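Naming convention: chains lettered A, B, ... in sequence-line order (proteins, then strands); numbering from 1 in each chain. Atom set for the values below is all heavy atoms of this structure, side chains included, hydrogens, waters and symmetry mates excluded. Computed from a predicted model, the values in this text were never measured in an experiment.
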Amino acid sequence: MAEGSNRFGITRRRVLVGGGVGAGLVVAWAIWPRSYVHNLVANDGETIFNAFLKISEDGHISVVVPQAEMGQGVWTALSQALADELGADWRTVGVEPSPINPLYANDFLLSEGAEGSLPGFLSGVGRWAAREYATRNALMITGGSSSIRGFEQRFREAGAAARAVLCKAAAARWDADWRECDAENGFVVWGEERVRFGEIAAEAADYSPPGTLDLRPTGGRPITGQSMPRIDLPSKVDGSARYAADVRLPDMVFASATQAPTPRHRLKAVNREAANNVFGVTAIFENPRFAACVGTNWWAANRGVEALAAEWERTEGEPVDDASIDAALAAALDSDGGSRFVNEGDLAAAFGNGPVRREIYSVGFAAHAAMEPLTATARARGDRMEIWAPTQAPSLMRAAVADAIGYGESDVIIYPTLLGGAFGRKVEHDAAVQAAIIAKRVNRPVQLTWSREEETRSDYYRPAARARLSGKLNGSGGILALHTRIAVPSVNAQMAARVFPGSGSGNPADPDPGAVEGARPAYGIPNLAVEHMACDLGVEGSIWRSVGHSYTAFFTETFIDEMAHDAGVEPLSFRIGMLNDAPRLARCLTRATALGGWDGGEMGNGMGLAAHSSFGSHVAMVVQVRIGDDQRPVVQRVAAAVDCGRIINPEIVKQQIEGGIIFGMSQALGGRIGHANDEPTARNFNDLRLPLLSDSPEIVVDLVESAEEPGGVGEIGVPPIAPAIGNAIFAATGQRLRDLPFTVGGAT
Amino acid sequence: MTRMTVNGQPVHYRMDPRTPLLWALRDASNLTGTKYGCGIGMCGACTVHLDGRAVRSCQITIADAEGAVVTTIEELSRSRDHAVQQAWIENMVPQCGYCQSGVIMAVAALLDSNANPTDEEIDVAITNICRCGTYPRMREAIRLAARVARGEERLASAPPPGIDPGDAARSVEALTPPEEGAEADPGRIVNE
């Protein structure tokens, strides 16, 4: 058999073209005029097998992961997928973040995005265009709960391809047929013979993987499907996990910055003298968009920034405050200019003669509030700029930094670090750009960290939204017609303008199906319309964990509860009766209500439920609340049933559901963020009122066993919790709350 | 005066005496396991032990800490075998991990002063913010750590750091044993 002789000749292209991958990817590769070669570096004794795997002669296995580890466990889960195909011993597996390379592009996310945004016949073309754009531009991005869905197959193939060449090398030693060899626990085995991966890795690199890869069955495996301990666990209990602000470089100085409150503002004045008088401040920077101080330690630099007392000048437009935002939402909701993205049946005819229930719902702004504020460490060396930063999108960060300092992209190196939480905020690169600008000027490594106040003030919030839902019962325990219109800016347009230079209009008032994602309920309703009433609130918005689902699920699942009440049907039966075409969600409801001891929603008991499908997965929750002495709702218990398809690591899935519930509680029960004088009123954690341990309910999670393709996990716990809490508050008090964050009996 | 004992070492910080202890630890001592979260004493990511008590190190100046004995997450245990760390691993508590140093230090101090805290006492003592929402696991892990600290249960979840390649190969067959005479890992921690 013809074997490659190049030691590092196992390129991803050959692996993939040969490797029984999904048709889309094979086609995409076939039409490409060029191939990409990995840009990994082999350490002493390491052999590079492909873009995702290195094996060291001492037996260590390094899995190369392009997806950002922000707490969701992706370093562990993708490594499990690869290690199982490889036949590794889990205890020998480590992870390193990948360099930037088109091989690591997240084509899944963009293709899924394009799918929904183009009507019918165009969607296939859009899918192709998006996929090509993603790969050619090395669009590496972690978001949209896409990592497992987009990368599991590639990691399995990478493991299987390496297993094949290890078997070939071992078979040559034994004069055996490589197809009779297998790999397990870090050894290639053939009958009584066995050889460690480490001993044979270098020889294996002389072989090519076969034309067809033989993937292992997914059930009953020792690593995949098991709750292996997270790879990052030990380092996260002893302080040794290295985040971007933990980077220490010789001669490094520290910086803090403050930026213009909106893109319409420019720096007007700073008090340089006051900042200069701060002990430890060594340099002051003024830029039209930001002001910064450099110091011998971060506290000194940040005191310098406070002393600067930067003043900003609005160059256009009217000031933004609560009243202007409220007016913009109200006007959009009442306008005629909506875009109907779902239109089924005949709504007008169905609504023809009453009675129709019509309600207005709203959600406030929601802060990302990751514990780790934006930070970046930058070092200019010769004509190169090195950046250590937490990022969900390293290639976009590289492009932005290169553009800001006038370097070529190949002269900017991004070292992605662990993320101390992100939730959508770290798709953007504000701090890295600022750090690079400063580092270029001071000619010393600079570590820039935003203060919590700056992080809160300059967050790009999940925007406020308002909805009007109209519904009509069908007289036999179901819904005949549902009309949902949602006034909300398109954060996709805003974010794209910030992070993909030159893409789209950047106009938040452009219609966007993404803005109303999740508004089409899983329920069988014959007459249905969903409209996006796009609007500009004058505030920069961004994606936030579960994106549009974070409010569409609240609107829909609260309204469904109201309709159930109108129909005089118990809320569980009401929902199940309309879920004939969504058996997976129906099953989640059945299991969650069994787990949670569902009481039928009896008034006075404080039990509520909600269900929602998102990111290819399905979740139902039953919540028990009581109203505290101070009138605040206390969430006592949450029972969640989750169908996210085939599971790689059950314990990590449970972590994500629990975390999603707590995260979703923050928008339901946290502080209300106002705006005044073009800025948000929230300044620090005390204004956000995030949940604490004492607020945390008992959470039980039931994972539905499934052989379906994996769905997303990181965001799916967020959408159902707010409506479930609201429905429980109704059951406790009879008061129907239609605005997030909730206010019960005047208590805030 | 800004002299104190940090992780067993005498230290004199030549910084503005008003500098919060957090920034002396991070930016002068390079003890980066202690994190900055809010700077107003709310989130607890910066929690360290000061004379055995859990304190928000962003709220204590180095002048206030004069003469104190300060312990950070790096020195909670040399071999990652503190009951709280073990329980944290057993219950797979961390997600992003950023807040966890502070939480672990707060819990360790709580258990030092109260070996069997009630849920209410835990709620009062552990006011750290975890944005990933690890609270349900945290509570279970605190209960477990308390049982371990009281000697009612034993745990050995965490691989100790600094195992040398020979030791590692003896316990994990897939690793290649080092050749005879290979130099020992200089980072190895020897239990005395």
| said: Could you tell me if the side chain of P136(B) sits less than 4.5 Å from the side chain of E698(A), heavy atoms only? | reply: no
d(S694(A) OG, I122(B) CD1) to nearest 0.5 Å is 11.5 Å
If one checks every heavy atom of N185(A) against chain B at 4.5 Å, the contacting part turns out to be backbone
Query raised in the report: Between R248(A) (side chain) and R26(B) (backbone), is there a donor-acceptor pair under 3.5 Å?
Result: yes
Applying a strict 4.5 Å limit to non-hydrogen atoms, the region of D119(B) in contact with chain A is neither
State whether the side chain of N684(A) and the backbone N or O of C38(B) hold a donor-acceptor pair below 3.5 Å, judged by distance alone. yes
Okay, W75(A) and chain B: the region with an atom under 4.5 Å from a heavy atom over there is neither
Bottom line for S171(B): the part with an atom under 4.5 Å from chain A's heavy atoms is backbone
Highest number of heavy-atom pairs under 4.5 Å with chain A among A168(B), S101(B), P94(B) belongs to P94(B)
Turns out that what part of S56(A) lies under 4.5 Å from chain B's heavy atoms comes down to neither
Check: Can you check whether L419(A)'s main-chain N or O pairs, donor with acceptor, with Y98(B)'s side chain at less than 3.5 Å?
Finding: no
One should read off an interatomic distance between Y243(A) OH and K35(B) NZ, to the nearest 0.5 angstrom, of 6.0 Å
Checked G133(B), A24(B), G39(B) vs chain A; the most non-hydrogen pairs under 4.5 Å come from G133(B)
So, the part of H368(A) with a heavy atom under 4.5 Å from chain B: the answer is backbone
- N/O donor-acceptor pair under 3.5 Å between Y135(B) side chain and G659(A) backbone: no
The interface call for M70(A) against chain B, heavy-atom contacts under 4.5 Å, is backbone
| said: Under a 3.5 Å cutoff, is there a donor and acceptor pairing between the side chains of R131(B) and S666(A)? | reply: yes
Turns out that what part of T19(B) lies under 4.5 Å from chain A's heavy atoms comes down to both
Indicate yes or no: at least one non-hydrogen side-chain atom of I652(A) is less than 4.5 angstrom from one of Q95(B).
no
Bottom line for A367(A): the part with an atom under 4.5 Å from chain B's heavy atoms is backbone
When the 4.5 angstrom heavy-atom criterion is applied to A241(A) and chain B, the contacting part is backbone
Honestly, the part of E75(B) sitting under 4.5 Å from a heavy atom of chain A is neither
The interface call for E57(A) against chain B, heavy-atom contacts under 4.5 Å, is backbone
Cut-off 4.5 Å, heavy atoms of chain B, and the answer for A300(A) is neither
Bottom line for D695(A): the part with an atom under 4.5 Å from chain B's heavy atoms is neither
| Backbone of V237(A) reached by a side-chain donor or acceptor of R80(B) within 3.5 Å | no
Minimum side-chain heavy-atom gap V172(B)-T92(A) below 4.5 Å: yes
Under 4.5 Å to a heavy atom of chain A? For I104(B) that would be side chain
Stacked cation flag R452(A) on Y36(B), 6.0 angstrom / 45 deg = no
More than 12 heavy atoms from other groups under 6.0 Å of CZ on R683(A): yes
So, the part of R91(A) with a heavy atom under 4.5 Å from chain B: the answer is side chain
- Query: After noting the C-alpha distance and the side-chain angles of I40(B) and E453(A), does the key distance pass the side-chain contact (heavy atoms from CB on, under 4.5 Å) rule?
  - Reply: CA-CA 10 Å; I40(B) 60 169; E453(A) 286 79 8; 3.9 Å; yes
Honestly, the part of V93(B) sitting under 4.5 Å from a heavy atom of chain A is backbone
Worksheet item: Within a reach of under 6.0 Å around CG of N30(B), are more than 12 heavy atoms found that belong to other residues, nucleotides or ligands?
Response: yes
Examine distances only and state if a side-chain atom of R139(B) and a backbone atom of L693(A) form a donor-acceptor pair shorter than 3.5 Å. yes
Bottom line for I61(A): the part with an atom under 4.5 Å from chain B's heavy atoms is neither
The reported gap from CG in D27(B) to CG in N297(A) (rounded to nearest 0.5 angstrom) is 5.5 Å
Turns out that what part of M92(B) lies under 4.5 Å from chain A's heavy atoms comes down to both
Among Q100(B), E74(B), M42(B), the residue with the most heavy-atom pairs under 4.5 Å to chain A is M42(B)
Output yes when E658(A) and R137(B) qualify as a salt bridge under the 4.0 Å nitrogen-oxygen rule, no when they do not.
-> yes
K236(A) side chain to C96(B) main-chain N or O, any donor-acceptor pair under 3.5 Å? yes
Do E173(B) and F187(A) make a side-chain contact, defined as non-hydrogen atoms from C-beta onward lying under 4.5 Å apart? yes
Honestly, the part of F685(A) sitting under 4.5 Å from a heavy atom of chain B is both
